[in-house]
Amino acid sequence: MPRRATSPVSCWPRLRHHIGLALPKTVVLSISSTVVPPNGKPSSAINEPKQKCPDMDPLAVTSAKSSAEDGRRCVNAVAVPFCKGGRHNQVIVRTKFMIKGGGYDNPTKKAIAEHKPIHSQNINNLVLVNGENYLNLIVDATDISPEEEYDYIVVGGSTAGCPLAATLSSNYSVLLLERGGLPYEHPDVLSEEKILVDLYEANDRDSPAQPFTSEDGIPSARGRVLGGSSTINVGIYSRADSDFYSRTGIKWDMGAVKKAYEWVEESVVFGTDKLTTWESSVRDALLESNIGPDNGFTLDHVVGAKVTGATFDERGRRHGAVELLNKANPENLRVIVNATVQRLNFSSSESSGFDLLICALGSPQLLLLSGVGPRPHLTSLNIPVILDQPFVGQFMYDPPRSTVNLVTPFPISGIGSHAIGISRDGFSINDISGATPFYSPVSEILFPDPSPPINLSIASIVTKLTRTQSSGSLQLASATNISVNPNVRFNYFSNPEDLSRCSNMIRYIATMISTPSMEAYKFRGPNGEKSFLFVGTSLAENESDGGTLKAFCRKTLRTIYHYHGGCTVGKVVDGDLKAIGIKALRVVDGSTFPTSPGTNPQATLMMLGRYIGLKIKEERSA
């Protein structure tokens, strides 16, 4: 069990860290939680100024949470506003936890708050089956027990954070904090047939995918749910390419890397012995375009065509990083959802009860809000500079994606993305297909009300640069609120080499669609001629003009959601992912990568969480 604090005076979790010799200070977390009310409007979270208040037991927060009265209560000299009707959607400020939010607006949160197992409950018409043992570890942030302290606090129940917390819990007490909710509150994320739903239904309030648009004008999203982006992606599972390990600067033990991958794969990765019609066509077209050899099924990132693993099982049910929490020691792990870490506060105390590990894509944003970053940027926002670290938020990368979309002349059954092509020239190709609803303003004229969508079978060839030479930066849009997306610019194609490689990449796609395997996807015209029906930008078969190909790259530019950087190795963290100049703080996520794994990063990130967890345990036992 997590250790109990021994001092009756300091009964809140000891959220403290040592910082390096040049900066002998400690870190204290400030945490908030938002519960969106039924009307969909999140409450404001404005911290009120300290004031002199009567003495009050900090545990009074527990009883105050269920209060139905209006007005203000004071806890440790901080104003605490409440709402009526037992709902508290304003701000509760504790000594070291800032909690905003409350109320239980669905069965999941109610069960969690009452410490009841929920894996047997029917939630949103989805019956959870045995195996979700981690659900018994979860507590909503509105029901935090304030008397516990932990050896490690992991900020971010992300793709890397979940395996990291599970690994450390085998020997140490761990608190895992996740700003989002549970996957089961959003059943669509669990279904392979609806893998894109959560991206196009993303909102700024409570969706598992939080949308943002880069300053390049490219829409994107970040995970906001337990399991992180592994809960909202297309499920491709492929290990990093061999170059990744030598390029990152991380200290790797390749034997331990292999074992960490295997630890992940035995729980959440699935193979397939059959492909959909479109997947088979793409694989054959790859081979006919000289992207070979045929490597069959493999989890390794190897040149040629292959069938890759996935985090969807044979029933199309998702198994993401969150399920790695089933491997945790339940006596040592507490998971708190709907808990947002707003900042790291620094004090002069040298005491330290634990280590802090940041495992969220908002890592550079959190450091900046905490006063760790470039001095000019921090001072422009009136943020006190704790550590002048010029590289926080720098070296942001996002491999560009281009897509060719075809309407098929016959319905496509099944959905998936298992056929992968990997080129020696630095790009990868994969497939995706399914029935896609399209809406048109003329529907209201031509069809009865409510007008149905037009469901078309769309087959897509998706291609991306495995690595990009162009980089950008991240800066704060708000000096006080981490829930506000930062300003991010990736500077796509700013390096001419990227555009040249993209042009070569599209030339391969033009060759692919001219192969015999693609003939079945053409429509026959009135004079017997056959051609593709494109959705979006069209691409001529065997197109080879460099200018035309580069124009296609620019016009079809989109993200593939594999962005990384901002806390890169050698700049912000060292080879063990320890923050440079700050003791007892590590950053364990994709923000540390100065280069891409070459494929979907979820396999690498889950491995990383396990790998660093084992490394920390080894360091402590030495």
Side-chain angles (χ1 to χ4, degrees), residues 16-27 150-156 158-172 174 176 239-240 243-261 263-264 344 352-361 363-364 366-367 370 372-373 387 389-395 564-597 601 603-622:
R16 295 176 177 246
H17 300 265
H18 288 302
I19 296 189
L21 295 177
L23 191 64
K25 299 179 182 289
T26 53
V27 179
Y150 301 84
D151 294 309
Y152 295 94
I153 292 181
V154 179
V155 178
S158 62
T159 308
C162 288
L164 174 62
T167 300
L168 291 173
S169 72
S170 64
N171 296 84
Y172 307 105
V174 181
L176 175 62
R239 297 180 181 182
D243 287 344
F244 170 77
Y245 305 101
S246 60
R247 291 170 179 261
T248 59
I250 298 174
K251 297 176 182 177
W252 298 109
D253 175 335
M254 294 310 297
V257 166
K258 182 175 182 292
K259 291 179 180 178
Y261 275 126
W263 181 86
V264 171
L344 310 178
S352 178
F354 64 92
D355 279 1
L356 178 67
L357 304 116
I358 306 176
C359 300
L361 288 175
S363 298
L366 179 58
L367 290 177
S370 305
V372 178
L387 177 64
Q389 184 22 299
F391 299 116
V392 173
Q394 303 301 305
F395 305 106
H564 56 92
C567 293
T568 54
V569 175
K571 303 293 185 181
V572 178
V573 298
D574 64 15
D576 294 314
L577 304 190
K578 296 177 181 178
I580 296 173
I582 304 176
K583 292 183 179 178
L585 173 64
R586 300 193 199 216
V587 181
V588 188
D589 61 28
S591 72
T592 64
F593 295 167
T595 186
S596 164
T604 308
L605 291 170
M606 286 191 269
M607 175 277 292
L608 181 71
R610 172 67 173 173
Y611 179 84
I612 294 297
L614 291 174
K615 195 165 190 176
I616 291 172
K617 289 167 59 178
E618 182 181 335
E619 290 173 358
R620 288 196 60 166
S621 63

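In this chain, residues are counted from 1 in sequence order. Values below: all heavy atoms of this structure, side chains included; hydrogens, waters and symmetry mates excluded. As the structure is a prediction and not an experimental result, all values here were calculated from the model.
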Taking atom [atom1] of [X] and atom [atom2] of [Y], what is their separation to the nearest 0.5 Å?
X    : Y    : atom1 : atom2 : answer
D151 : R620 : CG    : CZ    : 5.5 Å
I582 : L367 : CD1   : CG    : 6.5 Å
S158 : M606 : OG    : CE    : 11.0 Å
Y245 : T604 : OH    : OG1   : 5.5 Å
L614 : S170 : CG    : OG    : 8.0 Å

W252 and Y611 aromatic ring geometry - parallel, tilted or perpendicular at 30°/60° bounds: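 Y611 and W252: tilted rings.
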
Geometric class of the F244/F593 ring pair [parallel <30°, tilted 30-60°, perpendicular >60°]: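 Correct class here is perpendicular.
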
Closest heavy-atom contact between [X] and [Y]?
X    : Y    : value
C567 : V587 : CB-CG1, 4.3 Å
H564 : G590 : CB-O, 3.2 Å
T595 : R247 : CG2-CB, 3.5 Å
L168 : L357 : CD1-CD1, 3.9 Å
I580 : D574 : CG1-N, 3.9 Å
Y261 : A240 : OH-N, 3.2 Å

D576 side-chain N/O to K578 backbone N/O, donor-acceptor pair under 3.5 Å: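 No: the side chain of D576 does not pair with the backbone of K578.
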
Expected output: side-chain K571 to main-chain Q394 donor-acceptor under 3.5 Å: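 The answer is no, because no donor-acceptor pair under 3.5 Å joins these two groups.
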
Salt bridge (Lys or Arg N to Asp or Glu O under 4.0 Å) between R586 and E619, worked out: CA-CA 14 Å; R586 300 193 199 216; E619 290 173 358; 2.5 Å; yes

Candidate pair K617 and Y172, rule side-chain contact (heavy atoms from CB on, under 4.5 Å), full reasoning: CA-CA 9 Å; K617 289 167 59 178; Y172 307 105; 3.9 Å; yes

Chi angles and distances behind the side-chain contact (heavy atoms from CB on, under 4.5 Å) call for V569, L577: CA-CA 7 Å; V569 175; L577 304 190; 3.9 Å; yes

Y152 and L164, any side-chain heavy atoms less than 4.5 Å apart: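 L164 does not reach Y152 side chain to side chain.
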
Sub-4.5 Å side-chain heavy-atom contact between L344 and V372: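 L344 does not reach V372 side chain to side chain.
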
Derivation of the side-chain contact (heavy atoms from CB on, under 4.5 Å) call for W263 and T167: CA-CA 10 Å; W263 181 86; T167 300; 4.0 Å; yes

Audit row: I358, V573, side-chain contact (heavy atoms from CB on, under 4.5 Å) steps and yes/no: CA-CA 12 Å; I358 306 176; V573 298; over 6 Å; no

Under the salt bridge (charged side-chain N to carboxylate O under 4.0 Å, His left out) test, residues paired with D253 that sit two or more places apart: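 Result, salt bridge (charged side-chain N to carboxylate O under 4.0 Å, His left out) vs D253: none returned.
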
